[in-house]
Visitor: 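One structure is given below, represented as structure tokens, and several questions about it will come after.
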Amino acid sequence: MTSLIFSPRTEAALASLKENLPHALLLTGLSGAGLYTTARMLTDKKLEMTIKPTDREGNVDSSPKGIIRAKQIRQLIEHAVKKTSNQRYYIVDDADQMNHTAQNAFLKLLEEPPEHVSFILTSHTPHKLLPTILSRVQRITLDPISSVQSQALLSAHDVTSERDQSQMLFLAQGLPATLTRLALDQQYFQAASTSIRDARTLLQGDAVARIQLIESYQKDRAQTLALLQSAQRIVRHSLSTQPSSDIITTADRLATAYDRIAANGNIRLQLMGFIV
């Protein structure tokens, strides 16, 4: 039903949900865990509507700048409250990108949920959702898969080069959707490899190399965010193998820089602030 592979714990949790979905479910996990694909799997081809972040013109915008607006939630409400005896499913993808007005409108829907309706929310940063929304949803976190499962997934996609396998395993770090994309999209793989190389320079390079790197990235917000995500992958790997207070501090500073740049902060200023 899906090309994703799940950890045993996640597989068991999803199997139990498949039999009886709650009226509101929140899927969380790292970017690349396959939240939206999993949400689609759970709807069993009975999906009525998907709400996604958009730009000002109403085009789907999957970047951190995308917003789910109150107008979109009102359209969802209008559709969901129609009476029916058939089970219906609605997905709110990247639900944490609902603005405050949209979240309050959605909260009212959760407080008085229509019959025969299930809402599936996805979020990589659930702490951005209102506590009152979080208290009204059942939550499942999609765990990374094991190294054995990752190897099996690459084999299924006919990745035979040991060098490519090694790079993809490091880049994906157990995230099945990312691993699948790396295996199937050579251009994405090359871009991700370059991003990791530059992230190592950001974290470990000398002062001149780091400043030059910042100068090359300062005009591209999307590429900068990808760079910071790559740096976060490196730091997560370091934390799993040799945890220390310094690495934890670096992780916190990376998260702060990412959030500020995603919120339209000055790219050069935030990156310089990170390396100082």
Side-chain angles (χ1 to χ4, degrees), residues 26-39 50-73 91-106 120-131 133-134 139 141-142 144 171-173 175 177-178 181-182 185 188 191-192 194-196 198-199 202-203 213-214 216-236 250-275:
L26 172 62
L27 298 176
T28 66
L30 295 171
S31 178
L35 301 186
Y36 181 66
T37 300
T38 303
T50 296
I51 301 295
K52 288 178 173 284
T54 64
D55 59 21
R56 291 181 179 179
E57 285 72 44
N59 303 307
V60 173
D61 184 355
S62 58
S63 77
K65 296 177 68 175
I67 296 173
I68 297 177
R69 296 168 172 80
K71 177 182 178 181
Q72 294 170 270
I73 299 302
I91 295 174
V92 183
D93 196 30
D94 291 322
D96 52 86
Q97 291 180 240
M98 285 189 281
N99 62 25
H100 188 72
T101 305
Q103 288 202 44
N104 278 312
F106 188 72
I120 304 177
L121 288 69
T122 74
S123 175
H124 302 299
T125 52
H127 63 275
K128 294 181 180 180
L129 290 167
L130 292 173
I133 288 181
L134 293 175
R139 179 169 170 175
T141 299
L142 273 60
L171 288 166
Q173 295 188 8
L175 300 171
T178 295
R181 187 175 179 187
L182 288 167
D185 187 337
Y188 176 74
T194 299
S195 185
I196 280 289
D198 288 348
L202 180 69
L203 293 170
L213 181 72
I214 290 171
S216 69
Y217 272 83
Q218 65 176 325
K219 294 183 179 180
D220 193 324
R221 193 172 304 275
Q223 290 290 344
T224 300
L225 293 174
L227 172 71
L228 291 173
Q229 287 179 327
S230 294
Q232 288 172 322
R233 287 192 182 94
I234 294 172
V235 170
R236 282 199 302 269
T250 299
D252 289 341
R253 294 175 63 209
L254 276 173
T256 298
Y258 182 94
D259 288 344
R260 289 177 176 174
I261 292 173
N264 222 30
N266 182 277
I267 295 173
R268 188 177 189 280
L269 182 64
Q270 296 305 324
L271 290 180
M272 289 298 294
F274 170 74
I275 67 172

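Keep in mind that the numbers below use all heavy atoms, side chains included, and drop hydrogens, waters and symmetry copies. The structure presented is a predicted model; accordingly, all values stated were derived computationally and were not measured.
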Visitor: Output yes when a side-chain donor or acceptor of Q72 lies under 3.5 Å from a complementary backbone atom of I51, and no otherwise.
Guide: no
Visitor: Any salt bridge (Lys or Arg N to Asp or Glu O under 4.0 Å) involving residues 221-235? Give me the pairs, sequence neighbours left out, ordered by first then second residue.
Guide: none
Visitor: Between L27 and L142, is there a side-chain heavy-atom distance shorter than 4.5 Å?
Guide: yes
Visitor: Could you check whether D61 and S63, counting side-chain N and O atoms only, form a donor-acceptor pair closer than 3.5 Å?
Guide: yes
Visitor: Can any side-chain N or O of T38 pair as donor or acceptor with the backbone N or O of G34 at less than 3.5 Å?
Guide: yes
Visitor: Once rounded to the nearest 0.5 Å, what's the spacing between atom CG of L228 and atom CG of L202?
Guide: 6.5 Å
Visitor: Drop me the distance from S62's OG to Y36's OH, to the nearest 0.5 angstrom.
Guide: 12.5 Å
Visitor: Taking all atoms of both residues into account, what is the closest heavy-atom pair of V235 and A251, and its distance?
Guide: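 Minimum heavy-atom contact is CG1-CB, 3.7 Å.
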Visitor: Using every non-hydrogen atom in the two residues, find where R268 and N266 come nearest and quote the distance to one decimal.
Guide: N-OD1, 3.2 Å
Visitor: Measure the spacing between CD of Q173 and CD1 of I234 and express it to the nearest 0.5 Å.
Guide: 8.5 Å
Visitor: If we ignore hydrogens and angles and just use 3.5 Å, is the side chain of T224 paired with the main-chain N or O of Y217 as donor and acceptor?
Guide: yes
Visitor: For Q103 and I73, what are the C-alpha separation, side-chain angles and deciding distance, and is it a side-chain contact (heavy atoms from CB on, under 4.5 Å)?
Guide: CA-CA 8 Å; Q103 288 202 44; I73 299 302; over 6 Å; no
Visitor: Using the side-chain contact (heavy atoms from CB on, under 4.5 Å) rule, take L130 and H100 through it: C-alpha gap first, then chi angles, then the decisive distance, then the call.
Guide: CA-CA 9 Å; L130 292 173; H100 188 72; 4.0 Å; yes
Visitor: What pair of heavy atoms forms the shortest contact from Q270 to I261, and how long is it?
Guide: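 Looking at all heavy atoms of both residues, the shortest contact is CB-CG1, 3.7 Å.
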Visitor: Rounded at 0.5 Å granularity, tell me how far CG in L171 sits from CD1 in I196.
Guide: 5.0 Å
Visitor: Side chains of S123 and T28: do they bring a donor and an acceptor to under 3.5 Å?
Guide: no
Visitor: Taking atom types as modelled, find out whether T54 and N59 have a side-chain donor-acceptor pair closer than 3.5 angstrom.
Guide: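 Side chains of T54 and N59: no pair found under 3.5 Å.
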Visitor: How about V92 and I120: do any of their side-chain heavy atoms sit closer than 4.5 Å?
Guide: no
Visitor: Could you check K65 against N264 for side-chain contact (heavy atoms from CB on, under 4.5 Å), going step by step and ending with a plain yes or no?
Guide: CA-CA 8 Å; K65 296 177 68 175; N264 222 30; 4.3 Å; yes
Visitor: Nearest 0.5 Å please: distance from the CG atom of D96 over to the OG1 atom of T122.
Guide: 7.5 Å
Visitor: Locate the shortest heavy-atom distance separating A226 from S195; write the atom from each residue and the value.
Guide: O-OG, 3.3 Å
Visitor: Do you know the tightest heavy-atom contact between P126 and L26?
Guide: CB-CD2, 4.2 Å
Visitor: Run the side-chain contact (heavy atoms from CB on, under 4.5 Å) check on I214 and S216 step by step: do they pass?
Guide: CA-CA 5 Å; I214 290 171; S216 69; over 6 Å; no
Visitor: For A33 and A177, work out which heavy atoms get closest and say how close.
Guide: C-CB, 4.2 Å
Visitor: Looking at G273, is its backbone amide N or carbonyl O close enough to the side chain of R253 to form a donor-acceptor pair, meaning the two atoms are under 3.5 Å apart?
Guide: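 Judged by distance alone, yes, a pair lies under 3.5 Å.
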Visitor: Can you tell me if Q223 uses its side chain to pair, donor with acceptor, with the backbone of D220 under 3.5 Å?
Guide: no
Visitor: Measuring only between side-chain heavy atoms, which start at C-beta, is M272 closer than 4.5 Å to Q218?
Guide: no
Visitor: What distance separates L254 CG from D259 CG, expressed to the nearest 0.5 Å?
Guide: 11.0 Å
Visitor: Keeping D94 on the side-chain end and Q97 on the backbone end, is there a donor-acceptor pair under 3.5 Å?
Guide: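 Pair absent, no side-chain N/O of D94 close to backbone of Q97.
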Visitor: Do side-chain atoms of R260 reach the backbone of Y258 as a donor and acceptor pair under 3.5 angstrom?
Guide: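 Side chain of R260 to backbone of Y258: no pair is present.
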